[in-house]
Amino acid sequence: MSKNHLPILAVALLSACAPTAKVPTTTPDTAATVETPPAAPPAPVDWSRQADEFLTGYSTEYQRLYTQSSEAEWRSNTHIVAGDSTNAVATARANEAMAAFTGSADNINNLRQLLEHKDQLQPFQIKQLQTALYNAANSPQTIADVVKRRIKAETQQTEKLYGFDYKYAGKSVTTNDLDELLRKENNPQKRQAIWEASKAIGPTLKDGLLNLRGLRNQTVQALGYPDYFTYQASDYGMSREEMMTLVRQLNDELRPLYRELHTYARYELAKKYGVKQVPDYLPASWLPNRWGQDWSAMVDVKGVNLDATLAKKGAEWQVKQAERFYQSLGFQALPPVFWEKSSLYPLPKGATYKKNNHASAWHMDLNQDVRSLMSVEPNTEWYETTHHELGHIYYYLTYSNPEVPVLLRQGANRAYHEAMGSLMGLAATQKPFLVGLGLQDPKAKTDQTQTLLKEALNYVTFIPFSSGVMSEWENSFYADKLPADQLNAKWWELVKKYQGIVPPTARGEQYLDPATKTHINDDPAQYYDYALSYVILFQLHDHIAKKILKQDPHATNYYGSKEVGTFLADIMRPGASKDWRAVLKEKTGEDLSARAMVEYFQPLMVYLKAQNKGRKYTM
Ligand code: X8Z
Ligand code: ZN
């Protein structure tokens, strides 16, 4: 006699991960098997109901463990004390508990079994189950030891990364200090020393990064992904090859414009630094950014001095102002927890601990506990970053609604999440907006071409860095297993090829310059998110300007437009429960395309070509 007619799944569900789930009532009553034959034929399994019960139990536990992990990570990122491993131990423990659950063999089996019955499930359920399986692949307990080692290595790498003591001219400096120096310093020798100081962290991260590569690849291989890059790309429903084809195409589309900017910058900077022989490639230390990803500080537009205006207003004002902008569109005030628990400003001088110096936004409990970790100073870069981070925060708040299950509280894809706040950052620097807020004199004549040039030096120069250098290097690192003695050589080969930038002096393998970019360590194999986010943000901006506001995309004022707010909130509200391609098509009428971005900067081509007439092009 068969034991019972319970499908294997239901048994596993009860024991493994659905502590609150009841025995599915659609499954035959086990008591019936005790009765005299003939036994009734087994009722068909109601897979949709099974999925619901599984997901209810799973989501409750997932949210609980996620919250604990966030709290521990928050502490690890905001309180880094040299030599004190208390936080690291607590974080590793919380992340291990999370991994033990999300990657448990029972969960993986249940998810696979449920997904075998897709034809009987709702798209909404399928999406959640796939998300849970995607989470499992990052922590499969079939190789629990590898996952545990990876968690430990990640915690250690984060501590090293943010605990590093940068030194310039014999004194400890923050990354904010280094960034400010690179924007302002005019002496090329000093610039080189500052740039080199910013790269001193690289070698300290090398062993950790190589170790992490192995562990990250091994982890996802257990569920069939060939490498970690492929795993990350799969979050978009794309293969690694498809993602690389997309970012290469994007880079090609912006290349003509970048070529003009590159030529322009070589000649203008050579003039500025008094160098007679214009170099074919830009020395990295000439650019106002550690990685040459944003050159906008090269240009001052007459009649606009946002830095000076912001300096008078102060750092706190910037965050409140960004909130006011979102509120003006119809978003709610930020919840009290944001103000109470965020870490928004640099630590006071003499603090006995350090904090993560790279801006981030946190969805602590996948509900209303939202926080940001920043080191805001009153300047244009942080002004934009503040808008960027609040974009994440409002995205979190908007999709944390009863319609969106916990597992789908994510962006339509990761690039959307990055795009929202960057879009607001762009909008918050356009002249009509600044004039409307009283941040710019309405009578001051501003040169539109210079304004557009400054924007291009930010948004366009970012593309060869993000879609070229970063994506290619990580693709090569994770998927092609770039040999350990070629890490820096490969980096500079790509920097030259895509950005047309060279290091000021030879950078051998004793350095590890890619590791100076935080994302290489703690946001691995997903920097293309930002490249795609710029493309999306220009598509959204183009639509908002032309179709909603009926304004020139180069000179908009979103402030107070409830219609713009509704447009953005409608994209945010469903989270990841809608297909990202469908969202873009529905909201803008377009597929993902660099069309809007190229079009936005097209007027600059004429100016740059005229400026560059007779100059040597090297890319
Ligand atoms: O890392 C970020 C955000 C994190 S939420 C501040 N960004 C990229 C970077 O800094 O490299 C924003 C644009 C590019
Ligand atoms: Zn971001």
Side-chain angles (χ1 to χ4, degrees), residues 70 73-74 77 158 161-162 175-176 178-179 182-183 198 201 247 250 287-297 318-319 322 326 342-344 346 355-363 370-377 379-397 410-426 428-429 455 457-471 473-474 495 498-499 513-538 572 597:
S70 305
E73 287 276 6
W74 177 261
N77 278 269
T158 306
L161 179 62
Y162 299 115
T175 47
N176 270 356
L178 291 168
D179 291 343
L182 283 178
R183 284 194 294 265
S198 79
I201 188 173
V247 294
L250 177 56
L287 294 163
N289 174 279
R290 282 178 270 164
W291 306 277
Q293 71 182 67
D294 173 2
W295 311 351
S296 54
Q318 282 182 172
V319 187
Y326 283 88
S342 286
S343 172
L344 298 173
K355 69 182 223 186
N356 177 337
N357 51 39
H358 191 80
S360 52
W362 298 55
H363 199 187
V370 289
R371 304 177 199 171
S372 180
L373 171 47
M374 293 194 266
S375 296
V376 181
E377 304 218 37
N379 60 42
T380 309
E381 201 164 316
W382 276 110
Y383 174 75
E384 283 182 26
T385 301
T386 301
H387 285 81
H388 176 96
E389 298 311 331
L390 290 202
H392 288 304
I393 299 287
Y394 279 109
Y395 214 145
Y396 297 150
L397 291 170
Q410 298 180 35
N413 64 29
R414 295 192 306 253
Y416 277 77
H417 228 302
E418 298 302 336
M420 288 299 167
S422 291
L423 168 69
M424 294 289 279
L426 169 69
T429 54
E455 287 175 347
L457 291 170
N458 180 356
Y459 298 97
V460 179
T461 57
F462 183 68
I463 298 299
F465 176 69
S466 52
S467 68
V469 178
M470 287 289 282
S471 300
W473 192 86
E474 290 198 295
V495 171
Y498 285 98
Q499 295 181 282
D513 297 318
T516 66
K517 190 75 201 154
T518 58
H519 304 70
I520 295 277
N521 301 286
D522 63 1
D523 225 0
Q526 50 192 295
Y527 203 80
Y528 48 77
D529 292 353
Y530 297 106
L532 301 179
S533 82
Y534 277 26
V535 169
I536 293 172
L537 98 76
F538 278 98
M572 293 176 177
M597 188 169 179

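For reference, positions follow the sequence shown, starting with 1. Every number for a ligand or one of its atoms is a count from 1 in the order of the listing.
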Stepwise ring-ring contact (aromatic ring centres under 6.0 Å, His included) test for Tyr527 and Tyr530: CA-CA 6 Å; Tyr527 203 80; Tyr530 297 106; 4.8 Å; yes
Can you confirm, on distance only, whether ligand 1 has an N/O atom lying under 3.5 Å from any N/O atom belonging to Thr385?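 No, no N or O pair falls under 3.5 Å.
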Within 4.0 Å of some non-hydrogen atom of Glu389, the atoms of ligand 1 are 3 (C), 4 (C), 5 (S), 6 (C)
Counting from 1, what ligand 1 atoms have a heavy atom of His392 closer than 4.0 Å?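 The atoms of ligand 1 under 4.0 Å from a heavy atom of His392 are 5 (S).
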In sequence, state the C-alpha distance, the side-chain angles, and the governing distance for Tyr534 and Phe462, and then conclude on ring-ring contact (aromatic ring centres under 6.0 Å, His included). CA-CA 9 Å; Tyr534 277 26; Phe462 183 68; 4.5 Å; yes
Would you check, one step at a time, whether the test side-chain contact (heavy atoms from CB on, under 4.5 Å) holds for Asn77 with Thr158? CA-CA 8 Å; Asn77 278 269; Thr158 306; 3.8 Å; yes
Residue selection (non-hydrogen contact nearest atom 1 (O) of ligand 1) among Glu384, Gln293, His358: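 That would be His358.
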Given Tyr527, Phe462, Phe465, identify the one with the heavy atom nearest to atom 9 (C) of ligand 1. Tyr527
Write out the residue and atom name of the closest protein heavy atom to [atom], then the distance separating them to 0.1 Å.
atom	answer
atom 7 (N) of ligand 1	Tyr530 CE2, 3.5 Å
atom 3 (C) of ligand 1	His388 NE2, 3.6 Å
atom 4 (C) of ligand 1	Ala359 O, 3.4 Å

Output field: ring centroids Tyr395/Tyr416 closer than 6.0 Å: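 Here the rings of Tyr416 and Tyr395 have centres that are no less than 6.0 Å from each other.
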I'd like to know whether the aromatic ring centres of His363 and His392 sit less than 6.0 Å apart in this structure. no
With a cut-off of 2.8 Å, does Glu389 put an N/O/S atom close enough to the Zn ion (ligand 2)? no
Restricting to N/O/S atoms, is His392 within less than 2.8 Å of the Zn ion (ligand 2) or not? yes
From CA spacing to verdict: ring-ring contact (aromatic ring centres under 6.0 Å, His included), His417, Tyr396: CA-CA 9 Å; His417 228 302; Tyr396 297 150; 5.1 Å; yes
Assess whether side chain to side chain donor-acceptor pair (under 3.5 Å) is satisfied between Asn458 and Glu384, documenting all intermediate values. CA-CA 11 Å; Asn458 180 356; Glu384 283 182 26; 3.2 Å; yes
Between Ser343 and Met374, is there a side-chain heavy-atom distance shorter than 4.5 Å? no
How wide is the angle at the Zn ion (ligand 2) spanned by Glu418 OE1 and His388 NE2, rounded to 10 degrees?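 My answer is 90°, to the nearest 10°.
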